[in-house]
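See below for the structure under consideration.
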Amino acid sequence: MSAETDLASFRPKSDFLQVLKERGFIHQVTDLEALDEAARAGVVTAYVGYDCTADSLHIGHLISIMMLRWLQKTGHRPIALMGGGTTKVGDPTDKDQQRPLLTDAVINTNLASIKGTFQKFLRFGDGPTDAVMVNNADWLEQLGYVEFLREFGVHFTINRMLTFDSVRIRLEREQPLSFLEFNYMLMQATDFLELNRRFDCSLQMGGSDQWGNIINGVELVRRKGGRQAFGLTTPLLTTSSGEKMGKTVGGAVWLNADRLSPYDYWQMWRNTEDADVGRFLRLFTDLPLAEIAKLEALAGAEINEAKKVLAGEATRLLHGENEAVAAELAARLNFEDGRISADLPTVTVERSSYPHGLSNTDLVVLAGLAPSNSEARRKIAEGAVRVNDSKVSDPREVTPWSAAHAELGVLKVQLGKKKIVLVKPI
RNA sequence: GGGGGAAUGUCCCGAGUGGCAAAGGGGGCGGACUGUAAAUCCGCUGGCGUCAGCCUUCGUAGGUUCGAGUCCUACUUCCCCCA
C-alpha cells in the first residue's frame with residue numbers, strides 16, 4: 001500500500017521516520033505505522049542496493065546515502081549492498097536498451113572504487129548500529145538455475161511482472177527486453193530475503209524508480225516466512241525547473257574526486273537554483289532544520305550566501321574539511337577577487353612537446369574544455385575563451401610559456417564565465 | 001506461412017520526394033541581461049585543416065547512376081493486418 005496520501009498528516013513516533021519525513025526523504029512507504037513502531041521499539045536494519053556499473057557513484061546515489069546516514073544517526077543499522085551479482089544482469093529500469101554486459105574484472109574494479117564513498121558517510125564496524133557492506137555476488141553466484149527457479153521462481157507470476165514500470169515502459173515503448181534483464185527483479189528480491197535471513201534486515205530503501213523491485217522483495221520475504229519487511233522510496237531528484245539533477249563541465253556529477261574535482265563539486269552546489277536551496281540543504285546536509293529555515297528565507301541575491309553554505313557542507317561531507325575550504329577559497333579568489341588559485345582544476349603539459357608554447361586551440365583542447373579542435377575553434381569564434389584573463393579571437397595565436405603566471409607557473413584558460421582550467425607546463 | 005509499414009546527424013524526437021553535412025524541435029554549450037540563480041532574447045551544436053578544401057555519417061551488405069538518406073536486391077531488428 002502506498003502511504004502517499006496519509007504521509008502529510010502522519011506523526012512519526014520514531015526519530016528515524018521523523019527526520020526522514022521532515023527533511024523530505026520519503027516518497028512512498030509500504031506500511032508507515034508498522035515501520036514507525038519497529039523503529040521506535042528497537043534497532044532496525046535497513047539496506048540500499050548499489051550496482052557497480054561505473055567506477056564511481058554519482059549524485060543520484062547521494063540521496064539514498066544520506067538516508068543511510070540518518071538511519072545510523074538515529075540509532076539503526078545501515079547495510080550498503082553492492083550489486084556485484086546483479087550488475088551482471090543489469091537493471092532494465094528506464095533504459096531503452098540493454099546495457100553492455102560487464103566482465104567480472106570490471107565489476108570488481110568498480111566495486112572497489114565505490115567502497116570509499118560509503119566510508120565518508122557511514123561508520124563501519126562490528127557494533128550493533130555499525131554499518132555493514134556486503135556483495136550480493138556472494139549468494140547469487142552460488143545458486144544453480146534450477147534451484148533458483150524452484151526456490152524463488154514459483155513466487156513470481158509473469159502476469160504481475162509485466163505490470164511493473166520497469167518492464168511495462170520498455171514494452172510500451174516497443175523496445176526489446178531480454179530474458180536476462182527480465183530476471184533482474186527476481187534477483188533483487190532474493191537479495192532482500194537473503195539480508196533478512198543473514199542480518200535480520202527488515203527495510204529496503206531506494207529511489208522511486210525502485211518501488212516495484214522493492215515491493216517484490218517485501219513480498220518474497222513474507223512468502224518465505226521471514227519477519228515483516230518494509231519498503232521505502234525517495235522522491236526522484238530533479239531541479240525546480242524540472243531537469244534531472246547533475247551536470248557539470250564533464251557531464252555527470254561523480255562522487256569520486258578523481259572523476260570530479262572537489263572544486264567542481266563545490267561549484268555544482270554553488271550553482272543551485274534559488275528555488276532548490278532549502279530542499280537541497282535538507283536532503284544533502286546535516287544542518288539543523290532551524291538553521292536551514294533561516295538560510296532559505298534569504299531573499300534576492302542574499303540567497304547566494306545560503307548556496308555557499310550548501311556547497312560547503314555538501315563538499316565537506318564527501319571530500320572532507322580541507323577540500324571544502326580550499327574549494328570555497330578558490331571560488332572566492334576567482335569570482336569575487338578576480339585572482340587565481342592553485343586549487344583550480346589543473347592539467348599538466350610536457351613543455352618539451354610544445355617548445356614554443358600553445359596555440360589557443362591547443363589550450364582549450366588540452367584543458368579539456370572542448371572535445372575536438374573544431375569545437376575549440378568554434379568556441380574561440382564565439383568569443384567564449386579567455387587566456388590569462390584576456391579574450392582571444394585567433395585560434396592559431398600561440399601563447400608562449402613565458403606568459404605563465406609568475407608564482408604558480410600556469411596558464412589560465414577560461415571557457416565562458418565559470419569553467420576555468422589551469423595548464424601547467426612540466 | 002501471406003501482406004503492409006518502420007529504422008535518419010550514436011543524447012533524444014523528427015522532416016527528408018536523385019545534388020545533402022542533410023529542415024525543425026528538445027537537450028547541451030556560448031553570448032546578452034543578472035546575483036556564479038531562474039525566466040527571456042540571440043548564436044553555435046560531425047571530424048581534420050596551411051581555411052582552399054579534404055574525410056566520415058542516414059539499420060547491415062551489395063547494386064543502378066556523373067551523383068544515393070532518397071531507386072533496386074538480399075539480410076537484421078521492430079510494429080500492424082490476414083492465416
Side-chain angles (χ1 to χ4, degrees), chain A residues 58 94-100 169-179 238-253 261 263-281 295-312 314-315 327-341 343-345 356 359-362 364-365 367-387 389 391-398 412-421:
Chain A
H58 55 75
D94 155 273
K95 303 281 189 305
D96 271 358
Q97 303 207 332
Q98 182 172 327
R99 72 177 94 227
I169 290 171
R170 187 79 77 86
L171 295 180
E172 276 175 4
R173 301 190 64 176
E174 299 176 355
Q175 296 296 328
L177 174 72
S178 70
F179 185 69
T238 55
T239 66
S240 288
S241 39
E243 275 163 30
K244 210 169 178 180
M245 210 186 145
K247 33 177 193 188
T248 49
V249 196
V253 180
S261 70
Y263 171 82
D264 285 323
Y265 189 74
W266 193 94
Q267 281 297 314
M268 190 274 302
W269 292 109
R270 172 66 182 81
N271 285 295
T272 297
E273 294 178 21
D274 288 7
D276 291 326
V277 172
R279 186 161 56 102
F280 288 178
L281 280 166
L295 290 168
E296 194 176 16
L298 294 172
E302 303 240 305
I303 198 144
N304 283 329
E305 294 309 311
K307 293 182 188 181
K308 288 180 198 167
V309 174
L310 170 63
T315 305
E328 175 157 14
L329 180 64
R332 194 171 71 233
L333 283 174
N334 179 58
F335 287 103
E336 296 177 18
D337 301 346
R339 287 163 59 201
I340 196 170
S341 160
D343 284 308
L344 291 166
H356 305 294
S359 72
N360 289 330
T361 304
D362 289 339
V364 173
V365 173
L369 295 172
S372 65
N373 291 348
S374 302
E375 180 72 15
R377 279 191 278 264
R378 224 176 273 136
K379 294 280 185 274
I380 291 167
E382 287 172 349
V385 177
R386 286 166 187 275
V387 173
D389 294 318
K391 191 178 282 190
V392 299
S393 55
D394 181 358
R396 276 173 292 177
E397 178 195 2
V398 171
K412 181 180 176 189
V413 187
Q414 180 168 356
L415 174 70
K417 279 177 286 196
K418 300 177 193 171
K419 294 169 196 165
I420 300 165
V421 174

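Protein chains get the first letters and strands the later ones, always in sequence-line order, with residue 1 at the start of each.
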Using atom [atom1] in both nucleotides, what's the gap between [N] and [M] to the nearest angstrom?
N     : M     : atom1 : result
B/U10 : B/C58 : C1'   : 12 Å
B/U70 : B/U60 : P     : 11 Å
B/U57 : B/A52 : C1'   : 23 Å
B/U56 : B/G47 : C1'   : 7 Å
B/G27 : B/C13 : P     : 15 Å
B/A21 : B/U45 : P     : 16 Å
B/G2  : B/A68 : P     : 33 Å
B/G53 : B/A22 : P     : 15 Å

Exercise for review: Report yes if a donor N or O on one partner sits less than 3.5 Å from an acceptor N or O on the other, where the partners are the side chain of A/Gln267 and the base of B/U36; otherwise report no.
Suggested key: yes
Review point. Does A/Asn271 use its side chain to pair, donor to acceptor, with the backbone of A/Gln267 at less than 3.5 Å?
Key: yes
Practice item. Using modelled atom types only, decide if a donor and an acceptor are shared between the side chain of A/Gln414 and the backbone of A/Lys417 within a distance under 3.5 Å. Key: yes
Give a yes/no on whether any side-chain N or O of [X] is located under 4.0 angstrom from OP1 or OP2 of [N].
X        : N     : value
A/Arg378 : B/C48 : no
A/Asn373 : B/G47 : no
A/Lys419 : B/G30 : yes

Round to the nearest Å and state the distance from [X] atom [atom1] to [N] atom [atom2].
X        : N     : atom1 : atom2 : result
A/Glu273 : B/U40 : CD    : P     : 12 Å
A/Arg396 : B/C48 : CZ    : C1'   : 14 Å
A/Lys418 : B/G35 : NZ    : P     : 14 Å
A/Asn334 : B/G35 : CG    : C1'   : 16 Å
A/Leu415 : B/C29 : CG    : C1'   : 8 Å
A/Ile380 : B/U45 : CD1   : C1'   : 16 Å
A/Lys379 : B/G28 : NZ    : C1'   : 9 Å
A/Ile303 : B/A38 : CD1   : P     : 13 Å

Are [X] and [Y] ion-paired here, with the side-chain N under 4.0 Å from a carboxylate O?
X        : Y        : result
A/Arg386 : A/Asp389 : no
A/Arg378 : A/Glu382 : no
A/Arg270 : A/Glu336 : no

Practice item. Select from A/Phe335 and A/Glu382 the residue whose nearest nucleotide in RNA chain B is closer to the 5' end of that strand. Key: A/Phe335
Revision key, fill the gap. When A/Arg377 and A/Arg332 are each assigned the nearest nucleotide of RNA chain B, the 5'-most assignment goes to A/Arg332
Review point. A/Lys307 has a side chain; which of B/C33, B/C48, B/G35 sits nearest to it?
Key: B/G35
**Study point:** Minimum-distance pair of heavy atoms, taken over all atoms of A/Val385 and A/Val364
**Key:** CG1-CG2, 3.7 Å
Revision key, fill the gap. When rounded to the nearest 0.5 Å, the distance separating CG of A/Leu310 from CH2 of A/Trp269 is 6.0 Å
Applying the Watson-Crick and G-U wobble criteria at under 3.5 Å, what pairs with [N]? Answer none if nothing qualifies.
N     : value
B/A68 : none
B/U60 : B/A74
B/G43 : B/C29
B/A15 : none

Regarding [X], tell me which of base, sugar-phosphate or nothing describes its non-hydrogen contacts under 4.0 Å with the strands shown.
X        : answer
A/Ser374 : base
A/Ala331 : base
A/Glu336 : nothing

